[in-house]
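Starting from 1, each residue takes its place in the sequence as its number.
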Amino acid sequence: MVFFNRKGQDDTPEVVMLDTEVYSCSTESCNGWMRKDFASADLKCPLCGNETTAEIRELPAIQN
């Protein structure tokens with residue numbers, strides 16, 4: 001006989017998605033962005049250093 005352990009398959013937490021304000025790189029070739037809560041003081045792109053623009057994205061909630 002073969003037995004399978006199903007523990008953990010039904011215990012996965014539900015991912016809560018929230019509309020989150022982010023700063024996204026304004027350069028077409030860069031995919032850099034950062035959440036408003038973690039943005040640098042100068043609001044520069046964390047990857048290329050160019051200017052960013054504010055936008056709203058649906059992102060998973062951060063667990064504390």
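Remark: side-chain polar atoms of S26 are not paired, donor with acceptor, to backbone N or O of T53 under 3.5 angstrom.
Applying the side-chain hydrogen bond (donor to acceptor under 3.5 Å, both in side chains) rule to E21 yields no partners; only residues at least two apart in sequence or on another chain are considered. Every residue two or more places apart in sequence or in another chain that forms a side-chain hydrogen bond (donor to acceptor under 3.5 Å, both in side chains) with S24 is listed here: R57. Among residues two or more places apart in sequence or in another chain, the side-chain hydrogen bond (donor to acceptor under 3.5 Å, both in side chains) test is passed with S40 by D42. For T27, the side-chain hydrogen bond (donor to acceptor under 3.5 Å, both in side chains) partners two or more places apart in sequence, or in a different chain, are N50.
A distance of 14.0 Å separates CZ of F38 from OH of Y23, quoted to the nearest 0.5 Å. Expressed to the nearest 0.5 Å, how far CD1 of I56 lies from OG1 of T20 amounts to 7.5 Å.
Among all heavy-atom pairs drawn from T52 and K44, the shortest one is CG2-C, 3.9 Å. Between R35 and V22 the shortest heavy-atom distance is CA-CG1, 4.0 Å. Across all their heavy atoms, G32 and L47 have their closest contact at CA-CD1, 3.5 Å.
Summarising the hydrophobic clusters (Ile, Leu, Val, Met, Phe, Trp, Tyr; side-chain heavy atoms under 4.5 Å, direct or chained), the residues clustered with V15 are M17.
Within the structure, salt bridge (Lys or Arg N to Asp or Glu O under 4.0 Å) contacts touching residues 25-34 (residues at least two apart or in different chains) do not occur.
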